[in-house]
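Read through the structure below, which is laid out as structure tokens, and then see the notes.
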Protein chains: 2
Amino acid sequence: MTCSLKYAPQLRAQGLRMTPQRVAILHVLHQTGGHLSPTQVYELARKEHPSLTEPTVYRTLEELAERKFLLAAHVGSGRMVYELAENHNHHHLICRECRAEIQIEHAALEKLFGELETSSGYRFIDSHVTFFGLCPKCQKINKGD
Amino acid sequence: MTCSLKYAPQLRAQGLRMTPQRVAILHVLHQTGGHLSPTQVYELARKEHPSLTEPTVYRTLEELAERKFLLAAHVGSGRMVYELAENHNHHHLICRECRAEIQIEHAALEKLFGELETSSGYRFIDSHVTFFGLCPKCQKINKGD
DNA sequence: TATACTATTGCAACTTCTTGCAATAAGGAA
DNA sequence: TTCCTTATTGCAAGAAGTTGCAATAGTATA
């Protein structure tokens, strides 16, 4: 619980408030470590703060992602998941078949982002990206067909 | 209308059937040219085939995207959009502020995909990717603040 | 500590998306 | 053409995500 409070000064610096709802939401994201869907966050955080509602979860996740406290990612299908941004800067590579997931270091994309900025005129390209492919295991299985 | 029928042989080759619903859906995607949300496809295609239902639209778009007849993309917020894959192989770069959108040639990402395949062991990485940044216009505006 | 400002919440209603299942209709074979 | 197989559809119900607004409660200030 306390661990979530360390964000309080940073939130306030941006004109945001540290409410018990936000403490609960940050807490479950911290405890879980990985990424969670809004529904998962809602179910888990509700145990800590029973009066929590769904709109609050959605609005909070979106707000905190906008302010870079959280990373938002698509993991297929069109559903969003969120994770704490503090951990590190990475991207995702997910197997189309079995959903096995590995992380891509941000360094691997930095050069591309630089090139895109130069060629497009756009700036501050820092998207959190998810790639899809076939993992080694599923490559073998498909060969067997 | 006829233009959509050219897909029929390709669909059949994959065990899919060319129904009037699919003709209508492909037709609106063809007419519009760009990408459309499932709701937009539903509203437009319903004019051609009034008995069309939402589940059919969602299932069809997903199926056709899976078979590579369509490209699925996230354009922020977590909503999916679809466009005909035939046009060309490209990716998107969208302005975080004003939503202005430009296309990125696939060639710009090919090297990265190759590197990722080598380093990860994953194969057939060909994701349709959307990047976010600040367009030239919005960079100026933000400077003025 | 009390006050005032306003960010945030909960509620209720709504839109968007998904799922299971029985009925329908493409399209290959006779 | 007719029959048969089974992919596809529509329906109905439900899950997930969104929005507007009035009430609540953080937090800065006095």
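Letters go in sequence order (proteins before strands), and every chain restarts at 1.
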Hey, are A/E63 and A/R22 close enough for a salt bridge, meaning a charged N less than 4.0 Å from a carboxylate O?
no
Identify the pairs formed between an N or O of the protein and an N or O of nucleotides 14-17 of chain C at a distance under 3.5 Å, and give each distance.
| unit_1 | atom_1 | unit_2 | atom_2 | d |
| --- | --- | --- | --- | --- |
| C/dC17 | OP1 | B/R79 | NE | 3.4 |
| C/dC17 | OP2 | B/T39 | OG1 | 3.2 |
| C/dC17 | OP2 | B/Y58 | OH | 2.2 |
| C/dC17 | O5' | B/Y58 | OH | 2.8 |

What's the CG-P distance between A/L36 and D/dA16, to the nearest Å?
14 Å
Distance check needed: D/dT18 P versus A/Y42 OH, whole Å only.
15 Å
Return the value, rounded to whole Å, for the distance between atom CG of A/L64 and atom P of C/dT9.
9 Å
Looking only at the side chains, is there a donor atom on one of B/Y82 and B/E62 sitting less than 3.5 Å from an acceptor on the other?
no
May I ask you to verify if any side-chain N or O of A/S51 is less than 4.0 angstrom from the OP1 or OP2 atom of C/dT9?
no
Polar side chain donor-acceptor pair, A/H90 to A/E105, under 3.5 angstrom:
no
Test item: side-chain donor near acceptor, B/Q103 and B/H92, under 3.5 Å:
no
Would one find more than 12 heavy atoms of other residues, nucleotides or ligands at under 6.0 Å from atom CD of A/E43?
yes
Expressed in angstrom and rounded to an integer, what is the separation of A/R22 atom CZ from D/dA25 atom P?
15 Å
Starting at OH of A/Y82 and ending at P of D/dA16, how long is that distance when rounded to a whole Å?
15 Å
Is B/E54 salt-bridged to B/R59, cutoff N-O under 4.0 Å?
no
Name the orientation class of the two ring planes belonging to A/H91 and A/H128 (parallel below 30°, tilted from 30 to 60°, perpendicular beyond 60°).
tilted
Aromatic ring proximity B/F132/A/F124, centre distance under 6.0 Å:
no
Below 4.0 Å: OP1/OP2 of D/dG10 and any side-chain N or O of B/Q21:
yes
Assess the pair B/Y122 and A/F131: is the distance between their ring centroids shorter than 6.0 Å?
no
Which whole-number value in Å describes the distance from A/L11 CG to C/dT8 C1'?
13 Å
So does B/T60 get a side-chain nitrogen or oxygen closer than 4.0 Å to the phosphate oxygens (OP1/OP2) of D/dT9?
yes
Given 3.5 Å as the limit, does a donor-acceptor pair link the side chain of A/R12 with the main chain of A/M18, or not?
no
Counterpart residues, side-chain hydrogen bond (donor to acceptor under 3.5 Å, both in side chains), relative to B/T53 (two or more places apart):
B/T56
Short side-chain to backbone donor-acceptor contact, B/T130 and B/H74, under 3.5 Å:
yes
Quick one about A/H35 and A/E101 (side-chain donor to acceptor, distance below 3.5 Å, no hydrogens or angles considered), yes or no?
yes
Whole-Å distance separating the CG atom of A/L61 from the P atom of D/dG17:
10 Å
Give me the bend of the helix from C/dT1-D/dA30 to C/dA30-D/dT1, using the axes of the five pairs at each end, rounded to 10°.
30°
Who passes side-chain hydrogen bond (donor to acceptor under 3.5 Å, both in side chains) against A/T32, sequence neighbours left out?
none
Protein N or O to nucleotides 27-30 of chain D N or O, pairs below 3.5 Å:
| unit_1 | atom_1 | unit_2 | atom_2 | d |
| --- | --- | --- | --- | --- |
| D/dT27 | OP1 | A/R12 | NE | 3.1 |
| D/dT27 | OP1 | A/M18 | N | 2.8 |

Quick one: A/E66 CD to C/dA7 P, roughly how many Å, whole number?
15 Å
Distances under 3.5 Å between protein N/O atoms and the N/O atoms of nucleotides 19-23 of chain D, please, pair by pair.
| unit_1 | atom_1 | unit_2 | atom_2 | d |
| --- | --- | --- | --- | --- |
| D/dG20 | O6 | A/R59 | NH1 | 3.2 |

